[in-house]
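Structure first, then comments.
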Amino acid sequence: KAGVTQTPRYLIKTRGQQVTLSCSPISGHRSVSWYQQTPGQGLQFLFEYFSETQRNKGNFPGRFSGRQFSNSRSEMNVSTLELGDSALYLCASSLVDGANVLTFGAGSRLTVL
Amino acid sequence: GQQVMQIPQYQHVQEGEDFTTYCNSSTTLSNIQWYKQRPGGHPVFLIQLVKSGEVKKQKRLTFQFGEAKKNSSLHITATQTTDVGTYFCAGQGGGNKLVFGAGTILRVKS
């Protein structure tokens with residue numbers, strides 16, 4: 001069974017640009033969550049989607065947005081990039097059984113110059 | 001909102017020594033999960049604890065969930081170099097939201 005696939009794995013952008021990251025969950029998983037990981041801040045929750053609806057949202061500015069498609073694939077977008085957005089963006093999928101055990105993808109490493 | 005505190009932030013042990021990381025939630029949890037992230041890798045699920053006072057073992061790893069379901073610990077007996085990485089706890093409270101602790105970085109000297 002294929003794992004969680006994130007693309008691209010690495011990308012470099014400049015301040016002010018926007019970026020879109022993609023996540024394909026494990027087949028059959030309907031929930032997708034996104035996390036931002038930086039050395040000093042650990043894993044910060046961005047949002048969770050289930051059945052194309054945002055179910056939970058973290059404390060990030062409106063520049064961070066996401067969506068989920070009918071096939072459960074998800075994308076997140078960051079507009080007007082800032083230097084502080086440089087981070088590893090992790091996507092995780094889970095079966096919706098109330099337990100929410102997460103399977104993480106390898107992440108997308110974003111560097112903002 | 002719900003907060004999960006994890007200590008220590010960092011621990012450097014000699015191979016063969018024991019290691020423990022602790023997790024405390026500001027609210028009662030429905031369950032707690034533990035993940036391990038190897039250097040350069042991504043978090044990988046280790047275990048989930050659901051019942052009050054639950055203790056589970058995986059080889060040299062022992063996981064405990066407190067009686068009040070607000071704290072948890074992970075203990076590694078006789079650490080090995082393969083144990084290096086960051087260990088995260090993640091607590092699930094109300095609203096089905098999973099909140100991660102800041103993680104404990106474990107380094108093992110051989």
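Values in this document were obtained by computation on a predicted structure and should not be read as measured data. Residue numbers begin at 1 in each chain, while the letters A, B, ... track the order of the sequences.
- The heavy-atom pair separating Q48(B) from V101(A) by the smallest distance is OE1-CG2, 3.8 Å.
- At a 4.5 Å heavy-atom cutoff, the contact between Q37(B) and chain A is made by side-chain atoms alone.
- Side-chain heavy-atom separations under 4.5 angstrom define the hydrophobic clusters, and V55(B) shares its cluster with no other residue.
- Between atom CG of residue L102(A) and atom CD of residue Q33(B) there is a gap of 6.0 Å, rounded to the nearest 0.5 Å.
- Few gaps surround CD on Q18(A); more than 12 heavy atoms of other groups in view lie less than 6.0 Å from it.
- Listed by chain and residue number, R63(A) satisfy the side chain to side chain contact (heavy atoms under 4.5 Å, CB included) test with T80(A) (two or more places apart in sequence, or in another chain).
- More than 12 heavy atoms of other shown residues, nucleotides or ligands fall within 6.0 angstrom of atom CG in N71(A).
- If you chain together hydrophobic residues whose side chains sit under 4.5 Å apart, L46(A) and L11(A) fall into the same group.
- The interface of residues 99-110 of chain B with chain A, defined by heavy-atom distances below 4.5 Å, comprises F100(B), A102(B).
- The environment of CZ in R38(B) is sparse: at most 12 heavy-atom neighbours from other residues, nucleotides or ligands sit within 6.0 Å.
- One hydrophobic cluster, built from ILVMFWY side chains closer than 4.5 Å, cannot hold both V50(B) and F45(B); they sit in different ones.
- The stretch residues 30-37 of chain A places Y35(A), Q37(A) near chain B, each with some heavy atom under 4.5 Å from a heavy atom of that chain.
- Connection of F64(A) to F45(A) is not established within any shared hydrophobic cluster, with ILVMFWY side chains joined at heavy-atom distances below 4.5 Å, either directly or through further cluster members.
- Proximity of L43(A) to Y35(B): side-chain heavy atoms (C-beta onward) are nowhere separated by under 4.5 Å.
- Taking hydrophobic clusters as Ile, Leu, Val, Met, Phe, Trp and Tyr residues chained together by side-chain heavy-atom distances below 4.5 Å, F65(B) does not share a cluster with Y22(B).
- Interface check for chain B: of the options G105(A), A92(A), G42(A), G107(A), the most heavy-atom pairs under 4.5 Å are formed by G105(A).
- Atom CD of Q3(B) has 12 or fewer neighbouring heavy atoms from other residues, nucleotides or ligands inside a 6.0 Å radius.
- Both L46(B) and L49(B) are members of a single hydrophobic cluster when ILVMFWY side chains are connected at heavy-atom separations under 4.5 Å.
- For chain B, the nearby part of L90(A) is the side chain; its heavy atoms alone come within less than 4.5 Å.
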